[in-house]
S.K.: 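One structure coming up, written as structure tokens, with questions to follow.
Both backbone and side-chain heavy atoms feed into the values below; hydrogens, waters and symmetry mates do not.
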2 protein chains.
Amino acid sequence: MARKTKAEAAATREALLDAAEEVFLEKGVARTSLEQIARHAGMTRGAVYWHFKNKADLFQAMLNRVRMPFQELVEEIGGPSLADAPLEAIRLACVSGFARLERPRYRRVHAILIHHCEVFGDIDPLAMQNEMAEESCGALRDYLESAARLGQLREDLSPELAARLLQSMLGGLFHDWLRNHEQFSILEQGNLLVENQLGLFRRQA
Amino acid sequence: MARKTKAEAAATREALLDAAEEVFLEKGVARTSLEQIARHAGMTRGAVYWHFKNKADLFQAMLNRVRMPFQELVEEIGGPSLADAPLEAIRLACVSGFARLERPRYRRVHAILIHHCEVFGDIDPLAMQNEMAEESCGALRDYLESAARLGQLREDLSPELAARLLQSMLGGLFHDWLRNHEQFSILEQGNLLVENQLGLFRRQA
DNA sequence: CACCAACCATACATTGACGAATGTAAAAGT
DNA sequence: ACTTTTACATTCGTCAATGTATGGTTGGTG
């Protein structure tokens with residue numbers, strides 16, 4: 001095959017990753033061959049093995065396109081508002097996360113990671129999920145402790161417990177929505193649930 | 001090989017299913033061969049193909065050993081107490097479910113179904129999860145509507161919304177625990193979370 | 001302008017899982 | 001006691017997927 005421009009080569013690489021997302025989501029990671037991915041992108045396995053070492057490497061590259069550390073979500077909500085209104089900061093961070101998840105690429109990759117792949121090669125999706133869970137739970141706990149210090153939390157509710165409740169609720173919502181995103185909008189439903197759950201946390205109903 | 005008595009044959013069948021549970025949980029469904037399952041049970045693939053048609057059939061048989069319809073959980077909690085105390089009925093049903101999940105067989109099979117298998121043959125774990133979710137959410141809504149009619153719910157909280165909150169929280173807890181059950185006890189943690197979440201739902205804090 | 005390496009296709013070797021066919025020895029039936 | 005069926009073990013053919021090696025064309029760089 002003829003050599004391509006650097007831009008064209010990068011484009012085919014992206015096309016391969018796009019194809020991987022679609023086929024992985026449709027048929028599951030284990031049941032899709034590199035041949036199927038290549039054909040779906042209009043290429044052959046040669047292209048795949050040029051750009052990626054193997055299936056696990058391609059999978060990792062697919063994940064790297066959607067890395068969103070929690071810090072980015074915090075930065076998106078503005079800044080100094082979190083100092084005196086931590087509960088509102090949590091809500092806005094959640095909204096920010098929901099908005100990202102509605103972008104097809106983010107939704108697809110997370111759905112694949114959580115519902116359409118097993119342990120595989122040197123990639124352990126469960127370990128990744130654990131990391132995500134602990135990170136978000138820790139951040140929630142920080143904000144809720146701040147809220148407790150400011151007297152914005154019910155006195156019979158510890159920030160630790162509130163963080164676990166909220167984290168479990170968010171995790172369940174996340175899983176449910178990723179399972180079939182056509183059933184509801186995570187932005188609407190998520191807003192509703194987070195708002196009300198935080199309302200239950202607040203002092204004086 | 002020599003023929004075994006009916007009891008012995010049934011025992012080897014159970015042994016094969018036990019082995020399947022362990023190997024599936026350790027290596028994932030797609031990455032384990034029937035050979036590995038058979039060897040782990042001290043047999044060969046011949047035994048597997050005698051008792052089961054193929055991998056999907058074995059998988060289905062494994063699932064059939066842990067079917068627990070929601071109705072059983074309700075029956076376990078006693079009976080007439082649910083009429084005037086629906087919130088307590090919910091709590092007891094959850095406790096009952098948590099207790100079951102701590103039995104190794106139930107825990108393993110659910111962990112496999114949710115975290116260690118993809119779509120596979122004529123088996124769609126996501127569809128099963130959807131069934132489970134809708135069934136439990138519907139039951140929760142029924143009880144919470146009953147609680148609302150009895151004036152046991154906060155007036156600013158619709159039973160519909162409460163059901164979604166609780167269902168998401170339970171689902172998140174479920175997933176988190178199945179991901180690594182060594183981190184905490186679902187019976188303790190589940191009791192704590194359900195109790196407090198229901199407490200937040202109740203009228204007059 | 002020349003030449004090399006990038007970029008991808010093609011062909012080939014290897015692996016390993018499945019499933020069916022066959023073997024067989026003891027339990028069940030008669 | 002004789003036959004039949006059961007409950008496996010063993011072997012083998014097939015096929016799909018992987019990984020590698022090779023070839024061919026052209027963009028990029030000196």
S.K.: Which residue pairs satisfy the side chain to side chain donor-acceptor pair (under 3.5 Å) criterion with at least one member in residues 163-172 of chain B, sequence neighbours excluded?
M.R.: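 Output for this query lists Q189(A)-R164(B), E160(B)-R164(B).
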
S.K.: Rounded to whole angstroms, how far apart are CD on E8(A) and C1' on dA6(C)?
M.R.: 12 Å

S.K.: To the nearest angstrom, how far is D57(A) atom CG from dT20(D) atom P?
M.R.: 13 Å

S.K.: Using a cut-off of strictly less than 4.0 Å between a heavy atom of the residue and any atom of DNA chain D, enumerate the qualifying residues of residues 13-47 of chain A by number.
M.R.: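 Heavy-atom contacts with DNA chain D come from S33(A), L34(A), R45(A).
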
S.K.: Quick one: list whatever passes side-chain contact (heavy atoms from CB on, under 4.5 Å) with V29(B), sequence neighbours left out.
M.R.: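 In terms of side-chain contact (heavy atoms from CB on, under 4.5 Å), with neighbours along the sequence ignored, V29(B) is linked to E118(A), F24(B), K55(B), F59(B), I112(B), C117(B), F120(B).
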
S.K.: Only counting residues at least two apart or in another chain, list the ones meeting ring pair (Phe, Tyr, Trp, His ring centres under 6.0 Å) with Y49(B).
M.R.: none

S.K.: Table please: side-chain donor-acceptor pairs of residues 87-94 of chain B below 3.5 Å, with sequence neighbours left out.
M.R.:
from: E88(B); atom 1: OE1; to: R91(B); atom 2: NE; distance (Å): 3.3
from: E88(B); atom 1: OE2; to: R91(B); atom 2: NE; distance (Å): 3.4
from: E88(B); atom 1: OE2; to: R91(B); atom 2: NH2; distance (Å): 2.9

S.K.: Check whether any side-chain N or O of H51(A) sits under 4.0 Å from OP1 or OP2 of dC7(C), and answer yes or no.
M.R.: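 No, because none of the side-chain N or O atoms of H51(A) sits under 4.0 Å from OP1 or OP2 of dC7(C).
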
S.K.: Check the distance between dA11(C)'s P and Y49(A)'s OH and give it to me in whole angstrom.
M.R.: 17 Å

S.K.: How close or far is atom C1' of dG19(C) from atom CG of L58(B), stated in whole angstroms?
M.R.: 15 Å

S.K.: Going by the salt bridge (charged side-chain N to carboxylate O under 4.0 Å, His left out) test, which pairs reach into residues 166-179 of chain A, not counting sequence neighbours?
M.R.: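 Every pair satisfying salt bridge (charged side-chain N to carboxylate O under 4.0 Å, His left out) with a residue in residues 166-179 of chain A: D176(A)-R179(A).
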
S.K.: Taking side chain to side chain donor-acceptor pair (under 3.5 Å) as the definition, give me every residue that meets it alongside E35(B), ordered by chain and number, with sequence neighbours left out.
M.R.: none

S.K.: Can you identify which nucleotide, out of dC8(D), dC8(C), dG19(C), has its nearest atom closest to the N54(B) side chain?
M.R.: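 The listed nucleotide nearest to N54(B)'s side chain is dG19(C).
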
S.K.: Roughly how far, to the nearest 0.5 Å, is the CZ atom of R149(B) from the CG atom of L144(B)?
M.R.: 11.0 Å

S.K.: By nearest heavy atom, map K55(B) and T12(A) onto DNA chain C; which one lands nearer the 5' end?
M.R.: T12(A)

S.K.: Give me the distances for all protein-to-nucleotides 28-30 of chain D N/O pairs that come in under 3.5 Å?
M.R.:
none

S.K.: The side chain of W50(B) is closest to which nucleotide in this list: dC7(C), dC8(D), dC18(C)?
M.R.: dC8(D)

S.K.: Under the ring pair (Phe, Tyr, Trp, His ring centres under 6.0 Å) test, which residues partner H175(B), sequence neighbours left out?
M.R.: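 With neighbours one apart ignored, the set is H175(A), H115(B).
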
S.K.: Checking side-chain polar atoms at under 3.5 Å, does E26(B) have a donor or acceptor matched by the opposite partner on Q36(B)?
M.R.: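 Q36(B) and E26(B) do not have a side-chain donor-acceptor pair below 3.5 Å.
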
